[in-house]
Number of protein chains: 2
Amino acid sequence: MNKKTDKASTPQRILDSAEALFAESGYDGVSLRMITKLAGVELALPNYHFGSKLGLFRAVIQRRSVILNNERMEALNALSDRAEIEDLIEAFIGPFLRRSLFGGEGWRDYARVVAQIANSPRWTSEIMSAEFDPVAIEFIRRVRVRFPVAKTEDVYWSFHFLLGAMTMTFAQTGRIDLLSGDTCHGSDLSEIHLRMVPFLSAGFCRLCKGST
Amino acid sequence: MNKKTDKASTPQRILDSAEALFAESGYDGVSLRMITKLAGVELALPNYHFGSKLGLFRAVIQRRSVILNNERMEALNALSDRAEIEDLIEAFIGPFLRRSLFGGEGWRDYARVVAQIANSPRWTSEIMSAEFDPVAIEFIRRVRVRFPVAKTEDVYWSFHFLLGAMTMTFAQTGRIDLLSGDTCHGSDLSEIHLRMVPFLSAGFCRLCKGST
DNA sequence: GTCTATAGCTTGATAGAC
DNA sequence: GTCTATCAAGCTATAGAC
C-alpha cells in the first residue's frame, strides 16, 4: 500500500499506483491486477472509473500534462519578444525540471512515462501530439521571432534535439550515474539545470543564427 | 510472412520478426505467438534457439550492437588526438546514422528498440551499460583530451544530452513530421546529419571549453 | 531442428449483488 | 461506488514424438 495515497480518493489512488508502475515497466508491462493491488482497491474499479486500461493510461498522462502545459505557457507568455534563447529554453524546460526535482515521486514517475511515450512511434499522434503540440508550437513561434533569419527546418530540428535530451534526462534512468561511476547524479536536477540550458542554447544559436 | 526473411535461417527469421515487433510495441507489448506467426515458424522455436523471450530480446539487441560498436570504435581510432569535437561526434553518431538510413528496415527497427531501452530505467544496467559503455567511455576519453580544462561532470552531461537527442532522432517516431506539418522528415537522415553534428558540437563547446 | 499438444498461469473486462 | 465471481482469451515455457 502506498503511504502517500492512503487517504486519497479511489481514482487518485489508482492513478498514483498506475503512474508508478507504468514508469518502471511501460504500458504493457503492467497489469490492472498489479495496479489495484498496489493501490489497495478492487480489480473492477479502474474499469469503472476510467473505462479501460488505455483510458487509465491516458488519464495518468493528462493529469499532470495539463498542469505542466499551463506553467510552460505562462512562463513563455511572461517573456518579451526580445527574450534571449536562454530565456525561451528556460521557460520551456524549467517547469518540467522543477516539478521533477521538487514534485515528489509522482512527478518523477510521470517524467519516466513521458520519456517512454516520446520515444515510441506507437504513442506519437495518439498522446504526444495531442498533449504537447500546443506548447511546442508556441515555443517554436517564439524561437522564430528571436531568430528571424533561421530556416524553418533548423528550428524544428533544434526543438527535436531539445526534446530528446530533455525527456531522457528527466526520466532519470540511472545511466549517467552508472557510466560516470557516481560522479554525476541524474537525480540532482540543479546539477542538470546549470548545464542543460547552456548546452541547448548553444545548439539553437549555432543552427538558427544563420551564420554557419 | 516477411518477404526479406523468407529464405533466411530460422533463428534469423525469428530475430527479424522480433525486432520489427519490439520496435513498435516494446518488450511486453509483443508475444512469442505474434513473433512466430510473423516469422512463419512454430511457437516452440524461439525458446529452443534463444532459451527464453528475454534471451531473444537480448539477441535482437546484440546482433547489431556488435556491428555498430565495431564501426564506432574504428571511426574513433581513426582520429588523431587533435581531432575537433565535430569529428568526434561524427565518429560516434555517424555509423548509427548511416545504418539507420541505408541499412533497411531492420536497422531502423533496431534504432527504435534502442531508443526504448535507453529511455527506461528497467534496461539501464542490464542492457544499455553492458552493450554500449565501452564505446561511450572511449568517446568521453577523447572529448577530455580535446577539452583538457573541462570539468568531468560537464563532459558526462554533454554526452548524456547527445545520447537523448540521438536515440530519439534515430527512432523516427514521426513526431517532427507531424509537428512540422511535413516540413521536416524524420526518415531523411541526411537532413538530420547536417544539423545534429553542428547542434551537438556547439553544446559540447559551450559546456566543455571552460569559458563560460 | 522441428512440430504438436498442453500445462499452468495471467490477462482485460464485465455481470450482478449490495 | 464498491465487491465478488467469473469468462474467454491470451501468455511463456516445456515434454515428447518425429
Side-chain angles (χ1 to χ4, degrees), chain A residues 1-2 4-63 113 116-117 120 122-123 126-127, chain B residues 1-2 4-63 113 116-117 120 122-123 126-127:
Chain A
M1 249 133 311
N2 215 329
K4 288 173 53 187
T5 55
D6 267 355
K7 294 176 184 174
S9 70
T10 297
Q12 291 296 321
R13 295 163 65 100
I14 294 170
L15 285 170
D16 290 341
S17 299
E19 187 173 60
L21 293 169
F22 285 144
E24 203 187 331
S25 305
Y27 178 75
D28 293 296
V30 175
S31 68
L32 290 176
R33 280 174 174 79
M34 295 162 70
I35 293 168
T36 52
K37 190 178 177 184
L38 182 63
V41 303
E42 291 305 316
L43 174 60
L45 294 178
N47 281 310
Y48 174 77
H49 288 286
F50 302 101
S52 66
K53 186 186 177 186
L54 188 58
L56 171 58
F57 189 61
R58 277 196 243 264
V60 166
I61 300 293
Q62 282 190 340
R63 175 171 62 154
V113 180
Q116 289 173 30
I117 61 170
S120 168
R122 186 181 180 188
W123 307 109
E126 201 172 352
I127 297 188
Chain B
M1 264 165 277
N2 216 327
K4 287 174 55 187
T5 55
D6 268 355
K7 294 175 184 174
S9 70
T10 296
Q12 290 297 319
R13 296 163 65 99
I14 294 170
L15 286 170
D16 290 341
S17 299
E19 187 173 60
L21 293 169
F22 285 144
E24 204 187 331
S25 305
Y27 179 74
D28 293 296
V30 175
S31 69
L32 290 175
R33 279 176 168 78
M34 296 164 69
I35 293 168
T36 52
K37 190 178 175 184
L38 181 63
V41 303
E42 291 305 316
L43 175 59
L45 294 179
N47 281 308
Y48 174 77
H49 287 286
F50 302 101
S52 67
K53 185 186 176 184
L54 188 58
L56 170 58
F57 190 62
R58 276 197 243 263
V60 165
I61 300 294
Q62 282 189 341
R63 176 171 61 156
V113 180
Q116 289 173 32
I117 61 171
S120 168
R122 186 180 179 190
W123 307 109
E126 200 174 352
I127 297 189

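These numbers were taken from a predicted model, which means no experiment stands behind them.
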Once base and sugar-phosphate atoms are separated, protein heavy atoms under 4.0 Å mark nucleotides 6-18 of chain C, 5' to 3', with B, S and - as -----BBBB----

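Looking at residues two or more places apart in sequence or on another chain, you find a side chain to side chain donor-acceptor pair (under 3.5 Å) between A:Q62 and A:E131.
Between A:T10 and D:dT2 there is a side-chain N or O to OP1 or OP2 distance below 4.0 Å.
Summarising the geometry, the separation between CD on A:E42 and C1' on D:dA5 is reported as 11 Å, rounded to the nearest angstrom. In this structure, the CZ atom of B:F50 is 11 Å from the P atom of C:dG1, given to the nearest Å. If you take CG of B:L56 and C1' of D:dA13, they are 14 Å apart, rounded to a whole angstrom.
Side chain of A:Q116 to main chain of A:A23: a donor-acceptor pair is present (N/O by atom type, distance under 3.5 Å, no hydrogens or angles).
Looking only at atom types and distance, the side chain of B:Q12 has a donor-acceptor partner in the side chain of B:R63 under 3.5 Å away.
Among residues at least two apart or in separate chains, side chain to side chain donor-acceptor pair (under 3.5 Å) pairs with a member in residues 45-59 of chain B are B:R58-B:E126.
Between A:I14 and A:P46, the closest heavy-atom pair is CD1-N, 3.9 Å. In this structure, B:F57 and B:I117 approach most closely via the heavy-atom pair CZ-CG2, 3.8 Å.
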